[in-house]
Structure formats: structure tokens, C-alpha cells
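Atoms within each ligand, like the ligands themselves, are counted from 1 in listed order. As the structure is a computational prediction, the values presented were derived from the model and not from experiment.
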Amino acid sequence: MLKVKHVSKTFNKGTVNEKKAIDDLNLTIEDGQFVTVIGGNGAGKSTLLNLVAGVYPPDCGIIELNANDLSLLPEHKRAKYIGRVFQDPLMGTAADMEIQENMAFAARRGKKRTLRWGTSKKEQEMYKKQLATLGLGLEDRLSSKVGLLSGGQRQAITLLMASLQKPDLLLLDEHTAALDPITARKVLDLTDQIIRENRLTTLMITHNMNDAIRLGNRLIMMYNGKIIYDVSGIEKQRLTVEDLHEKFRQAAGSELSDDRTVLI
Ligand SMILES: Nc1ncnc2c1ncn2[C@@H]1O[C@H](COP(=O)(O)OP(=O)(O)OP(=O)(O)O)[C@@H](O)[C@H]1O
Ligand SMILES: [Mg+2]
């Protein structure tokens, strides 16, 4: 369970560029919840995920994962508990390493280091099985360099790597935004499949309102560093994109403006 309590974050404090990105935010996510996050540009969505991942500390407030105070763990140690996939397909995998080497790296994350870098037959069989679930034919290309793959294939592998060790929390920040629409849909379907099969507790930022409604079992809308709308269950299933615009209008007093939002 993730608990964010009275967390604030201001960038460039005391300068003309001062920006309160997160403003006394409270959020509790129960185990197994799949939460989609929407909001306009600069609403604080990525900042929220970065605070949880430990990219930088909050100015105040507490972030707990399974009742453990995360501030005691630096970013690289949180990686054992938190899986992440970002917008940029180049970020999650090492281009000049083979698919199986990338997988081995993810599988050994947080475990004791070993000098042995090769992958055993048993490990290769396991990776093959896992890659086959993606349905992209990558199980026959274990020794291909990841740099040769398409953006969608790399994002799918990053997703698989992020979920290999069943993280306590999965953070997705617009991880399909850089892909063409057909590949994006495929990776998103895979995301849904992996999250459901492993019952992963997930926070997924998206600019696509239809995806935010269609996927997950809870939706939160952010504005000016705060959560302005939080909906789950049947009420979420019944939402329409127009409802979301109306909610935004009510809470923010303006139209939801966003250069990447899919408005239909
Ligand atoms: N590292 C940083 N240094 C300075 N300002 C930052 C930093 N990160 C974010 N900000 C500012 O904080 C605010 C919130 O940014 P954030 O990236 O969280 O928004 P977002 O909701 O993810 O927006 P988008 O939909 O455009 O990705 C913005 O005004 C942004 O310019
Ligand atoms: Mg962002």
C-alpha cells in the first residue's frame, strides 16, 4: 500500500522561477489498485511519480510503501520495490546489451552482486517464456542487441523487466506517448495484461482520456499540484471524456488545456 501524506514540492525556491509543483497532496493507494492519472501540462503528475521513486525528496510530508518510510531509502534501493517505465523508449534498456543481458540485469536487481554475467540455460528458458507472453516474437532473439529493436519492442521489454520481480509498485509515466498509435495500443494492452496477471499496484500517467477511463480501477485528475478528482469502481466505468472535461471545469474554473491530451 502506498501512502502519500501532506507532501509538497517547490522547485527553484526563492527565485523568479519558483514553482509549487506539488501542494499538500494526500493519496492512499491500496494493494492491487491500478490508478490512472490525468491532468494538464505542469499539473504535477511527473513530479508526484518522481517523488515516490526518490528522484528528489519532498520539501515536507511523508511517503510510505507498505508502512515503510521511503525517505530512508535512496533511489537505487527503491528500485527493488518500485518498477518504472518512462516516456522515452531509449531509457529503460541498455542498447548495446543483448535482450537476455537486459533481462538478467532486471532479474538480479536488488540481489547480491555476482561476478558471473553469463546467463544459464535455465535462465534463458525462463526469459524465453516471459518474452513469449509479449507476442512480439522476441523469444527467438535472446542474443539480439536491444539497440536493434523498435521503440515499441523496447518499451514492451522495459515493461516486462519492470515487472519481472513483481514490484510492490509500478510507476508508468506516459510510457506509450512516443509510440505510433497501433504500437501504443499494443503496449498498452500488454501493460493491462501484465498488471492484471501479477495484480500489480500501479500508477499510470496518460494524456489519453479514453485510456484513462478504459484502463485501471481508479482515476485521479491533478491540477496545480493537487488532486481535484478521484473516482473508482462503477462510477469510473461509467465516465465519459465529456464528464472528465466537466469535472475539470468545475474544479479548476477553466478548460483543460493540454497540448497532448486526446480530446475525443
Ligand atoms: N526538475 C524541475 N525543476 C524545475 N521545475 C520543475 C522540475 N520538474 C518539474 N518542474 C515544474 O513543476 C511543474 C510540474 O511539472 P510536472 O513535470 O510534474 O508536470 P506534469 O503534470 O507531468 O506535466 P506534463 O503533462 O507536461 O508532463 C511544472 O511547472 C514544471 O515546470
Ligand atoms: Mg509529465
Side-chain angles (χ1 to χ4, degrees), residues 2 4-27 29 35-61 63 70-71 74-76 78 82-92 151 155 158-159 162 169-179 181 184 187-188 191 202-213 215-216 218-231 241 244-245 247-249 251-264:
L2 175 75
V4 177
K5 291 190 251 181
H6 295 293
V7 163
S8 294
K9 181 73 184 177
T10 299
F11 290 108
N12 305 313
K13 222 175 211 152
T15 75
V16 285
N17 293 321
E18 180 167 315
K19 172 73 198 176
K20 192 159 205 173
I22 296 292
D23 185 6
D24 192 31
L25 188 138
N26 291 289
L27 175 66
I29 299 178
V35 184
T36 55
V37 185
I38 56 169
N41 297 125
K45 305 178 298 293
S46 295
T47 305
L48 173 63
L49 259 63
N50 288 334
L51 285 166
V52 173
V55 175
Y56 31 65
D59 298 334
C60 59
I63 304 175
L70 279 182
S71 69
E75 186 180 2
H76 68 278
R78 290 186 207 198
I82 300 175
R84 301 166 76 183
V85 187
F86 299 97
Q87 188 173 338
D88 185 352
L90 305 183
M91 267 179 61
Q155 258 340 40
T158 306
L159 190 66
L169 184 65
L170 180 63
L171 301 175
L172 307 171
D173 191 348
E174 299 186 55
H175 68 304
T176 61
L179 307 175
V187 173
L188 217 49
T191 305
T202 305
L203 261 174
M204 181 181 92
I205 299 174
T206 174
H207 278 262
N208 187 318
M209 303 247 213
N210 286 306
D211 291 340
I213 293 170
L215 298 171
R218 181 175 171 191
L219 177 150
I220 62 178
M221 183 188 281
M222 289 184 67
Y223 175 68
N224 267 351
K226 288 181 178 297
I227 292 170
I228 55 168
Y229 182 53
D230 185 346
V231 62
V241 171
L244 290 179
H245 281 282
K247 294 288 174 196
F248 190 87
R249 257 178 245 128
S254 61
E255 294 294 323
L256 173 54
S257 72
D258 183 330
D259 51 15
R260 279 170 290 161
T261 295
V262 176
L263 295 165
I264 42 141

> Side-chain contact, heavy-atom cut-off 4.5 Å: Leu171 with Ile205?
Replying inline: no
> Side chains of Gln155 and His175: donor-acceptor distance under 3.5 Å anywhere?
Replying inline: no
> For Thr47, is at least one N or O under 3.5 Å away from an N or O on ligand 1?
Replying inline: yes
> Going by the order shown, which atoms of ligand 1 are within less than 4.0 Å of some heavy atom of Asn12?
Replying inline: 4 (C)
>> Closer than 3.5 angstrom, by distance alone: can the side chain of Asp173 be matched with the main-chain N or O of Ser46 as a donor-acceptor pair?
In response: no
> For ligand 1, which atoms have a heavy atom of Ala43 less than 4.0 angstrom away?
Replying inline: 19 (O), 20 (P), 21 (O)
> Backbone or side chain, does any N or O of Gly44 fall under 3.5 Å from an N or O of ligand 1?
Replying inline: yes
> For ligand 1, which atoms, with element, lie under 4.0 Å from some heavy atom of His207?
Replying inline: 25 (O)
> Where on Leu48 is there a heavy atom closer than 4.0 Å to ligand 1, on the side chain, on the backbone, on both, or on neither?
Replying inline: neither
> Can you tell me how far the OG1 atom of Thr176 sits from the NE2 atom of His207, to the nearest 0.5 Å?
Replying inline: 10.5 Å
> Ala21 heavy atoms, cut-off 4.0 Å: which ligand 1 atoms fall inside?
Replying inline: 12 (O), 13 (C), 14 (C)
> Judged by atom type as modelled, is there a donor-acceptor pair below 3.5 Å linking the side chain of Lys13 to the main-chain atoms of Lys20?
Replying inline: no
> Taking side chain as C-beta onward, heavy atoms only, is Leu25 less than 4.5 Å from Met222?
Replying inline: yes
> Considering only heavy atoms of Glu174, which atoms of ligand 1 have at least one such atom less than 4.0 Å away?
Replying inline: 27 (O)
> With no hydrogens and no angle check, is any side-chain donor or acceptor of Asn26 less than 3.5 Å from a backbone partner on Lys5?
Replying inline: no
>> Quick one: does any side-chain atom of Lys45 pair with a main-chain N or O of Ile38 as donor and acceptor, under 3.5 Å?
In response: no
>> Tell me whether Met222 reaches ligand 1 (any heavy atom closer than 4.0 angstrom to a ligand atom).
In response: no
> Hey, does Gly42 come in under 3.5 Å of ligand 1, counting only N/O atoms on both sides?
Replying inline: yes
> Within less than 4.0 angstrom of ligand 1, does Gly39 place any heavy atom?
Replying inline: no
>> Under 2.8 Å from the Mg ion (ligand 2) - does any N, O or S atom of Thr47 fall there?
In response: no
>> One residue to check: Lys19. Relative to ligand 1, which of side chain, backbone, both or neither has a non-hydrogen atom less than 4.0 Å away?
In response: side chain
> Has Gly40 got any heavy atom lying under 4.0 angstrom from an atom of ligand 1?
Replying inline: yes
>> In the structure I gave you, are the side-chain heavy atoms of Thr47 and Tyr56 within less than 4.5 Å of one another anywhere?
In response: yes
